[in-house]
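The structure appears right after this line, and notes come after that.
Please read all numbers here as calculations on a predicted model, not as lab measurements.
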Amino acid sequence: MPPAGGHLQYFEIGGKYKTNGTHREAWCKFCISSRVIELSNAQIQSSTADEVIELKTRAELVAQAKLDIPPMVSKSDKLKRHLASCPHAPESAKQSVSDEDINNEPPSKRQKLQYTLQVTTKPKWDEQQQDVFNKNLCRLFIASGFSWNTLSNPEFKRFARIHLGDPPLPSRQTLAGRVLRDLVNEVEGNVQKEISGQMGTGQCDGWKNITRTAVVASIVTVRGRPHILHVHNITSQRKDASNLLSIVLSEIAHLSNLGVTIVGWCSDAGGDSRAMRLRLAQLMPQLIVLDCWAHQVNLIVGDYFKLKNEYIETIDKAVDVIKWFNNHTRALGIFQAEQKARSQRVLSLFLPVLTRWTSHYLSLTRLCNLKLAMQTSVINHREDLVTAAGDRPEQTEMAEDIVAIIEDRQFWKLLDEVCLHLQPLATAANATQSSQGRLDSIVLTLGNLYCRYSQDPKLSVEIRTCILDSIEKRWAKTDQDAFIMAIIMNPYIRTTLFKSGLRLACPAGVFGLTKRLWTRFFPFPHDVGLFDAVEDYCAREGSFSDASLHLSEHKRVATETGNLDLRKIWSSIDTGIWKGSNQLVKLAIRIFSVVGNSADCERLFSAMGDIHSKKRNRLSEQRVRDIAVVKMAIQREHKSAKPRPVKRTHDQIDTIPSSFATEDPVVNQAADPVAEDQVEADVRETADFGSLAKELTASAEADDVMDMDESLNENPPPAAILRQLNIDATRVCDEAPRRRGALRLYFGTNEPISLVDLFDFGTDKAGIWDALWNTNATLSMTDDADVDNDAVPV
């Protein structure tokens, strides 16, 4: 049977085509007309004056033309193909067939055309053009979060055919295989050029993905920018310090091959991580090994949750209110209607999450901010709220308890006080989780916390003692020499904040600390020029004066960019030699190359969780890692190509106090462009606040004692890696015999110095500490809450 279609008007259909029982013979009307004209002209030319030939009729000529022209099969694609190339067909006929194809639905497999009749012809690319298209398409898929199966989606193919000129699309195997690997190699090549010859801080952390595969991820931070290293599948391995140490040493060896000098390593406070860091310090004492300080601040919150008082009971009640409204849609609808009537904006209630380091504060603050809307809901719709949960007695009783909590003025008063207790800790968590969280910034954050909690007259003795003891406990187990030296090497502060009479506040004490760190960090002795450099630096004279360091100019740049890079200040006066005053410069650059948190690993896990979703659970951890590498690179490109005003999503501590700086205070660090999102990994809502508090307090208690169940003698690292790093494991094991019980790793001092003995918190320094604390902390916290829990504009 002949096919249906508007193009058939240009063809004459005859009988069956050869032996085909389905399709018929077809002749192009334009070809027939052309042949008829030829036959007619031939008749006229063969006629003479003496002999008159009888001319054939039009019908006879058409019949003769059909005999002369071979018929074609009446398939639509054959007819359209002939019409497109027919030299006798007018352009209007060809265009009508092209319009017919565009308006029709995509053809079936049987009818799919291998050519196009559209005005824009299918591009014919060489191999280089095809590679460029494939890479850009892969970038688009990664940046937009598209599944690789989108390539086989008929609607995507239709879009490409209509709007992109029907380009040759790669298969998903090609795009997710060779093309992705090429992009990763390109990104890693650029990263290698960027980090070669630099100093960096390594960090690692563990995670389980959607398929419960256990992985350990490693990241190196160079000049304040994190770079992904490897993601190791350790599902089948023992989760102990020995295996983790082998992974860390292999990463350090890999970075050494890339030309990167590792000066520090950071991990969380887990038992395996703590034991790994101790062994790493024994093998490589030149490294600064430290806890993740964003996690350490969260453990201070855990110590706060250990208390048994009316504030903890108030938090439990607040969580009950949040859970009850979120679990009963009718009550939630009433509450949202009241919000809309008051502010034309509906905000959500959310529960604290253990792995979100500021969520406890943000959750309770959000509830406080919605106090009036919640109280109005109770006043205007009390009966509706009581019956919203159901008619059973226990449901009604629970609803009445929630309403009673909302009506209790003492509850809201205590909740406001809880938020005041947690606000400085939440601000500190934001400050310490930055990708540019330097050691001096961490110590100043702790000092500010101590200053605020020790001088707040509204705090009870119980809460003040609990928090201050927890702060001192976290500080006591740090590598204090390196942290204190970081404060001294901050040219805007130096020894200004130290307590008077402290040996560290005089040049001799600073030189003693400098000499200890030099002996530890560098394999060769210093010369006498280091002593002279320390004296000039403490006196702000010579090459270390404010004018010689151009502090005011650096500060002006920082005011515009939102980032004061102390490492850059010291690098700008680095002459490259290891003699004289430049020895102090080399030491300062090393100190400021250390980052005191492993939050970037958590951010990586958050990105990997978005990629490796329930619908894409078949992705391997290596492919997920590759996608994350390219995605972070794309985000950096767009951030750098289109700069915008700095919005600090993580509260930071100002390190240029106005009392002794040359201008107004500016921010000491900017949140990393790629890592602006709040840390979120394996997000889980807690069943109740008791569960959250229990987990936090357990972590805080476990962090107090570190047990060594294994020694380096029993489980030594791989010999090949030790040889590559020039480590004599035998000597280290002999010098560090096995010990059980509580272990602390101190460098240079037998007893740690407390914060209260180190810093001057007197009234004459109150202005300096206030200048160091970010005055926009509360506003920034509110912005974080709005990002984390979408505010619905009404």
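From T496, atom OG1 reaches atom CG of D760 across 11.0 Å, with rounding to the nearest 0.5 Å. Distance CG/N490 to CG/L566: 4.5 Å, rounded to 0.5 Å. For the atom pair SG of C266 and CD of Q203, the computed distance is 6.5 Å after rounding to the nearest 0.5 Å.
Residues meeting the side chain to side chain donor-acceptor pair (under 3.5 Å) test with T514, sequence neighbours left out: none. Considering only residues two or more places apart in sequence or on other chains, R464 meets the salt bridge (Lys or Arg N to Asp or Glu O under 4.0 Å) condition with none of them. Under the ring-ring contact (aromatic ring centres under 6.0 Å, His included) criterion, H550 pairs with no residue, sequence neighbours left out. Evaluation of the ring-ring contact (aromatic ring centres under 6.0 Å, His included) rule for F531 yields F511 as partners, not counting sequence neighbours. Remark: V191 engages V187, I195, H227 in a side chain to side chain contact (heavy atoms under 4.5 Å, CB included) (not counting sequence neighbours). Residues passing the ring-ring contact (aromatic ring centres under 6.0 Å, His included) test with Y453, sequence neighbours excluded: none. A search for salt bridge (Lys or Arg N to Asp or Glu O under 4.0 Å) contacts involving E472 returns nothing, not counting sequence neighbours. Here D205 pairs with D268, C601, E602, F605 under the side chain to side chain contact (heavy atoms under 4.5 Å, CB included) rule; sequence neighbours left out. With sequence neighbours excluded, the residues forming a side chain to side chain contact (heavy atoms under 4.5 Å, CB included) with S572 are H554, listed by chain and number.
When side chains are defined from C-beta on, L587 does not count as touching L530, because their heavy atoms never get closer than 4.5 Å. At a threshold of 4.5 Å between non-hydrogen side-chain atoms, the residues N430 and T358 count as touching. At least one side-chain heavy atom of P491 sits under 4.5 Å from a side-chain heavy atom of Y537. Side-chain contact between H295 and Q433 is absent, with no heavy atoms from C-beta onward closer than 4.5 Å. Using a 4.5 Å cut-off on side-chain heavy atoms (C-beta onward), I569 and Y492 make contact. Within the 4.5 Å cutoff, the side chain of R520 has heavy atoms near those of the D479 side chain. Residues L468 and V756 are not in side-chain contact: their nearest non-hydrogen atoms beyond the backbone lie 4.5 Å or more apart. At least one side-chain heavy atom of D291 sits less than 4.5 Å from a side-chain heavy atom of K477.
In this structure, K515 places its NZ atom where only 12 or fewer heavy-atom neighbours from other residues, nucleotides or ligands lie under 6.0 Å away. Other residues, nucleotides and ligands place more than 12 heavy atoms under 6.0 Å from the NZ atom of K499.
Across all their heavy atoms, I219 and P226 have their closest contact at CG2-CB, 3.9 Å. In this structure, T201 and V594 approach most closely via the heavy-atom pair OG1-CA, 3.0 Å. Taking every heavy atom of both residues into account, Q455 and F761 meet most closely at NE2-O, 2.7 Å. Counting all heavy atoms, side chain and backbone alike, S598 lies closest to S267 at OG-C, 4.1 Å. Taking every heavy atom of both residues into account, Q480 and P752 meet most closely at NE2-CB, 3.2 Å. In terms of heavy-atom proximity, R603 sits nearest to S435 at NH1-OG, 3.7 Å.
Between R438 and D565 there is no salt bridge, since no side-chain nitrogen of the basic residue lies less than 4.0 Å from a carboxylate oxygen of the acidic one.
No side-chain donor from either of R225 and T221 sits under 3.5 Å from a side-chain acceptor of the other.
Between the side chain of D303 and the main chain of S470, no donor-acceptor pair closer than 3.5 Å is present.
No close placement of the W475 and Y450 rings is indicated, their centers lying 6.0 Å or farther apart.
Applying the ring-ring contact (aromatic ring centres under 6.0 Å, His included) test to residues at least two apart or on different chains, the pairs with a partner in residues 250-283 are H230-H254. Residue pairs that meet the salt bridge (charged side-chain N to carboxylate O under 4.0 Å, His left out) test with at least one member in residues 575-595, sequence neighbours left out, are D574-K586. Among residue pairs with one or both ends in residues 523-536, those qualifying as side chain to side chain donor-acceptor pair (under 3.5 Å) are D527-Q583; sequence neighbours excluded.
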> Taking it one step at a time, do F759 and W769 satisfy ring-ring contact (aromatic ring centres under 6.0 Å, His included)?
Replying inline: CA-CA 10 Å; F759 289 122; W769 287 109; 5.3 Å; yes
> Do R567 and S571 pass the side-chain hydrogen bond (donor to acceptor under 3.5 Å, both in side chains) test, and can you show the C-alpha distance, the side-chain angles, and the key distance before you say yes or no?
Replying inline: CA-CA 6 Å; R567 186 202 58 80; S571 297; 3.3 Å; yes
>> Go through it in stages, so that I can follow the logic: the residues are D757 and S754, the test is side-chain hydrogen bond (donor to acceptor under 3.5 Å, both in side chains), and I'd like the CA-CA distance, side-chain angles, deciding distance and then a yes or no.
In response: CA-CA 5 Å; D757 293 331; S754 63; 2.8 Å; yes
